Amino acid sequence: MLGARHELAEDSSPEANMKKAIDLWAAMPAVVAYDQRRRRGQEPVEAREDLDYSANFLWMTFGEEQVPEVVEAFNVSMILYAEHSFNASTFTARVVTSTLSDLHSAVTAAIGALKGPLHGGANEAVMHTFDEIGIRSEESLEEAATRAKAWMEEALAQKKKVMGFGHRVYKHGDSRVPTMKAALDKMIAHYGRPELLGLYNGLEQAMDEAKAIKPNLDYPAGPTYHLMGFDTQTFTPLFVASRITGWTAHVMEQVASNSLIRPLSEYNGPEERHVP
Ligand SMILES: CC(C)(COP(=O)(O)OP(=O)(O)OC[C@H]1O[C@@H](n2cnc3c(N)ncnc32)[C@H](O)[C@@H]1OP(=O)(O)O)[C@@H](O)C(=O)NCCC(=O)NCCS
């Protein structure tokens, strides 16, 4: 809808694409914040000119100003999610752009690719794992870790894929994780929720011992958003709001030096069959 109604909808010049990218990026906090609010039966909250991007995003979601530690942790997540080279959704945006389609169509397709749990949907899936294990606020860090380890051992014995772990590119750990984990640690201390750290540590340790697979960015991001008060359904839209920047930058690069992306596939089915 934002694309169809944009005054430059049919224009893919560099200037028009830059304007559309900035407009889209600016609109996303309102869209994501109101999506959560309407689910909770709440009215939309007006944007505030005096707040920065992250402080305003939280303001529009919760209708209350957040303390600087919370704003900073949210800001860290937005920066880490903003751009990440040729991941599946960015590649999707490039493919759509390469057909000379428009920026909004490329972003719409990218959102579809990001939604899957093997990609951006993983931050929500991490929270579903925590919920399945059970978040018990009265529990100590050690008790929670023990239950989480047992859950992971069982999941791996059943050959389950556990979301929030592993990466197509980083085979020895995701370089974004230490920064996001530090933000999560601050949120755990801020909200006084050691049992969440117990679950986090237990799963991480058990996965490392069993398969030496390390967490990816979605692993610390999920519980961080949970602590801040976001609904789990909002986690992947938060990722979208940030990744708009990366996707649209790639769209503009693709337009600047375009060539249709059209891979060949290697056929490995049955040999040519006789047509009677
Ligand atoms: C991201 C991902 C798709 C990368 O996959 P990949 O590079 O193809 O890794 P592989 O599928 O080759 O995995 C190698 C082995 O590790 C296992 N593995 C990888 N990630 C795993 C996970 N999250 N949980 C359990 N096992 C996992 C595979 O099952 C495979 O085991 P096998 O050799 O016994 O068959 C994969 O790690 C995954 O599905 N992770 C969970 C989803 C997720 O968090 N996505 C967000 C990424 S930022």
Side-chain angles (χ1 to χ4, degrees), residues 73-74 76-95 107 109-133 145 147-184 196-197 199-226 230 232-247 249-250 263 265-266 268:
F74 184 72
V76 163
S77 78
M78 289 290 108
I79 292 168
L80 292 173
Y81 270 143
E83 155 60 10
H84 205 217
S85 72
F86 257 55
N87 53 82
S89 57
T90 301
F91 186 67
T92 303
R94 286 261 190 175
V95 171
V107 168
I111 292 172
L114 187 87
K115 181 184 175 214
L118 296 190
H119 191 12
N123 61 6
E124 294 185 13
V126 167
M127 213 53 229
H128 294 313
T129 299
F130 276 42
D131 286 336
E132 192 182 320
I133 298 167
R147 282 193 312 112
K149 278 186 94 168
W151 184 94
M152 179 65 95
E153 282 155 12
E154 178 61 25
L156 293 179
Q158 292 177 20
K159 306 248 172 271
K160 280 192 185 156
K161 271 248 161 99
V162 183
M163 304 308 160
F165 289 90
H167 199 275
R168 201 19 94 67
V169 178
Y170 302 122
K171 294 301 176 192
H172 305 288
D174 181 333
S175 55
R176 302 165 297 176
V177 165
T179 310
M180 194 63 227
K181 175 63 178 16
L184 170 62
L196 282 176
L197 186 59
L199 295 179
Y200 186 102
N201 290 345
L203 290 175
E204 183 183 20
Q205 250 179 39
M207 180 62 106
D208 198 33
E209 282 164 19
K211 296 185 81 103
I213 297 175
K214 312 289 181 202
N216 57 54
L217 173 58
D218 295 311
Y219 190 55
T224 302
Y225 291 150
H226 172 78
F230 287 105
T232 303
Q233 297 106 297
T234 307
F235 295 3
T236 309
L238 290 172
F239 190 160
V240 168
S242 164
R243 187 57 62 89
I244 291 282
T245 51
W247 289 331
H250 277 269
S265 59
E266 192 180 347
N268 66 359

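Read the numbers this way: they start at 1 and go in the same order the structure lists the ligands and their atoms. Values reported hereafter were calculated over all heavy atoms of this structure, with side chains retained and with hydrogens, waters and symmetry mates removed. The shown structure was predicted, so the numbers you read here are calculated from the model rather than taken from an experiment.
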Please state whether the rings of Phe91 and Phe86 are parallel, tilted or perpendicular, taking 30° and 60° as the class boundaries.
tilted

Is Lys214 close enough and on-axis enough to Tyr219, meaning under 6.0 Å and within 45°, for cation-pi?
no

Write down the atom of Ala93, the atom of Ala110, and the distance for their closest heavy-atom approach.
CB-CB, 4.1 Å

Looking only at the aromatic ring of each residue, does the gap between the centers of His226 and Phe235 stay below 6.0 angstrom?
no

Hey, could you give me the CD1/OH distance between Ile244 and Tyr81, rounded to the nearest 0.5 Å?
15.0 Å

Anything under 3.5 Å between an N or O on ligand 1 and a protein N or O? List each pair with its distance, or write none.
residue	atom	partner	partner atom	Å
ligand 1	7 (O)	Arg168	NE	3.0
ligand 1	7 (O)	Lys171	NZ	2.5
ligand 1	8 (O)	Arg168	NE	3.1
ligand 1	8 (O)	Arg168	NH2	2.8
ligand 1	23 (N)	Val162	O	2.7
ligand 1	23 (N)	Phe165	O	2.8
ligand 1	24 (N)	Val162	N	2.9
ligand 1	37 (O)	Phe165	O	3.4
ligand 1	40 (N)	Phe165	O	2.8
ligand 1	44 (O)	Gly164	N	2.7
ligand 1	44 (O)	Asn216	ND2	2.8
ligand 1	45 (N)	Leu118	O	2.8

Write out all pairs satisfying salt bridge (Lys or Arg N to Asp or Glu O under 4.0 Å) with one or both partners inside residues 116-133, taking only residues at least two apart or from two chains.
none

